[in-house]
4 protein chains.
Amino acid sequence: MPAAAKKNESASADTTSFAKSQLKALVERIERLEEEKKALADDIREVYGEAKANGFDTKALRAVVRMRGQEPAERQEFEAIVELYRDALGIGG
Amino acid sequence: MPAAAKKNESASADTTSFAKSQLKALVERIERLEEEKKALADDIREVYGEAKANGFDTKALRAVVRMRGQEPAERQEFEAIVELYRDALGIGG
Amino acid sequence: MPAAAKKNESASADTTSFAKSQLKALVERIERLEEEKKALADDIREVYGEAKANGFDTKALRAVVRMRGQEPAERQEFEAIVELYRDALGIGG
Amino acid sequence: MPAAAKKNESASADTTSFAKSQLKALVERIERLEEEKKALADDIREVYGEAKANGFDTKALRAVVRMRGQEPAERQEFEAIVELYRDALGIGG
DNA sequence: CCGGGAGGAGAGGTCC
DNA sequence: GGACCTCTCCTCCCGG
């Protein structure tokens, strides 16, 4: 495991070329994953298109999905606020 | 008012130098505003420091401030969600 | 697909409940896909973390990945405009 | 500063209510400052809008402003690392 | 072609 | 003081 990839001061050619192939491997993994991610984004868009074709309001549908993901967190926060105010009064209060 | 600042194709030297001084003015205004914004951020940090010095729990205090800013929005959103579900059922539903 | 869906007259209870179950199905499909997308985003973040642990500069790494997924032409044009603006301001600042 | 603040014995009602009013004051000061900060952020956005209306490329403009507010040294180092990575990957691809 | 929303990058804060 | 993590801001892309 090379310690640094930025400078090749005391490093051998082997270390450098290892860093190089390591860099290549990392970039390729990232690009592969991003490709898959993009494919999923396309799938999602397709589902919205299908929804629209069936007469659903896409914008509202997106809002519903977004809110479903937020609701639990908000609920927790709302119930935590009293506790928080107490804490905010400080240890010295 | 110059139509374009990117290219000087058919433009006279006057137009160019006008675009130049206009650009300078814009940048200076932006930088001035950002300076003021940064100063306010420093002031805010100072107030938290003062709070801490008086025994308040800074983290909780930040949370309280954050929630106070969110509460009205959350309430609105929560009341809007039923409407949203209705809309999501689509015009054709 | 509910059996009641055979009847699709406007404004009937059947139509409404069909729309409802259809909405439910759509939301669930979307949420499933978004879950998978999020998992991939996490994987990508992990790879960057690994890169960092091996001494790579993640900010530069991100820049390189971005550049690779980009038309050379548009990048060149962008840099040309930036240069133009810097010249107009007097390059050093 | 409330008159009751003269008494500061631990756990007394006076101490608690003093802490409460102090908390209120702190929160209000912070919210006032954040309001002003937000107003400045809006102003900045407006200036960019104006620039855009006059034909400037706002993305490039933002880049220039960023560069001006940045040490030349760090920018150079960043670009050097990017170049290094690109070389390692074979510059074009 | 524009505006709005979603995703990503950078900045700041907290914890160790 | 350094790493992680949240949050804000910027960018990009879709929809109108």
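Every chain is numbered from 1, with letters handed out A, B, ... down the list of sequences. Just so we're clear, the structure is a prediction, and the values are computed from it rather than from any experiment.
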Return the value, rounded to whole Å, for the distance between atom CG of Leu40(A) and atom C1' of dA6(E). 15 Å
Going through the distances and angles, do Glu28(B) and Arg32(B) end up as a salt bridge (Lys or Arg N to Asp or Glu O under 4.0 Å)? CA-CA 6 Å; Glu28(B) 277 160 15; Arg32(B) 169 76 176 137; over 6 Å; no
Rounded to the nearest Å, what distance is computed from the CD1 atom of residue Ile44(B) to the P atom of nucleotide dG12(E)? 12 Å
Could you go step by step and tell me if Glu79(C) and Arg75(C) meet the salt bridge (Lys or Arg N to Asp or Glu O under 4.0 Å) rule? CA-CA 6 Å; Glu79(C) 306 226 327; Arg75(C) 174 141 198 101; 3.1 Å; yes
Short side-chain N/O contact from Arg62(B) to OP1 or OP2 of dG13(E), under 4.0 Å: yes
Without decimals, in angstroms, what is the distance between Lys38(A) NZ and dC12(F) P? 15 Å
Say you draw a straight line from CD1 of Ile81(D) to NZ of Lys59(C); how long is it, rounded to the nearest 0.5 Å? 9.5 Å
Here the distance between atom P of dG13(E) and atom NZ of Lys59(B), to the nearest Å, is 14 Å
Any chance CD of Glu71(C) has more than 12 other-residue heavy atoms, nucleotides or ligands included, within less than 6.0 Å? no
DNA chain E: Lys37(A) or Thr58(B), which has the more 5' nearest nucleotide? Lys37(A)
Whole angstrom is fine here: how far is it from CZ in Arg75(C) over to P in dC12(F)? 11 Å
How close or far is atom P of dT8(F) from atom CZ of Arg45(D), stated in whole angstroms? 13 Å
note: Lys52(C), atom NZ; dA9(E), atom P; distance rounded to Å ~ 14 Å
Quick one: is Arg66(A) getting a side-chain N or O under 4.0 Å of the dA6(E) phosphate, OP1 or OP2? yes
Once you round it to whole Å, what is the distance between P of dG4(E) and OH of Tyr48(A)? 19 Å
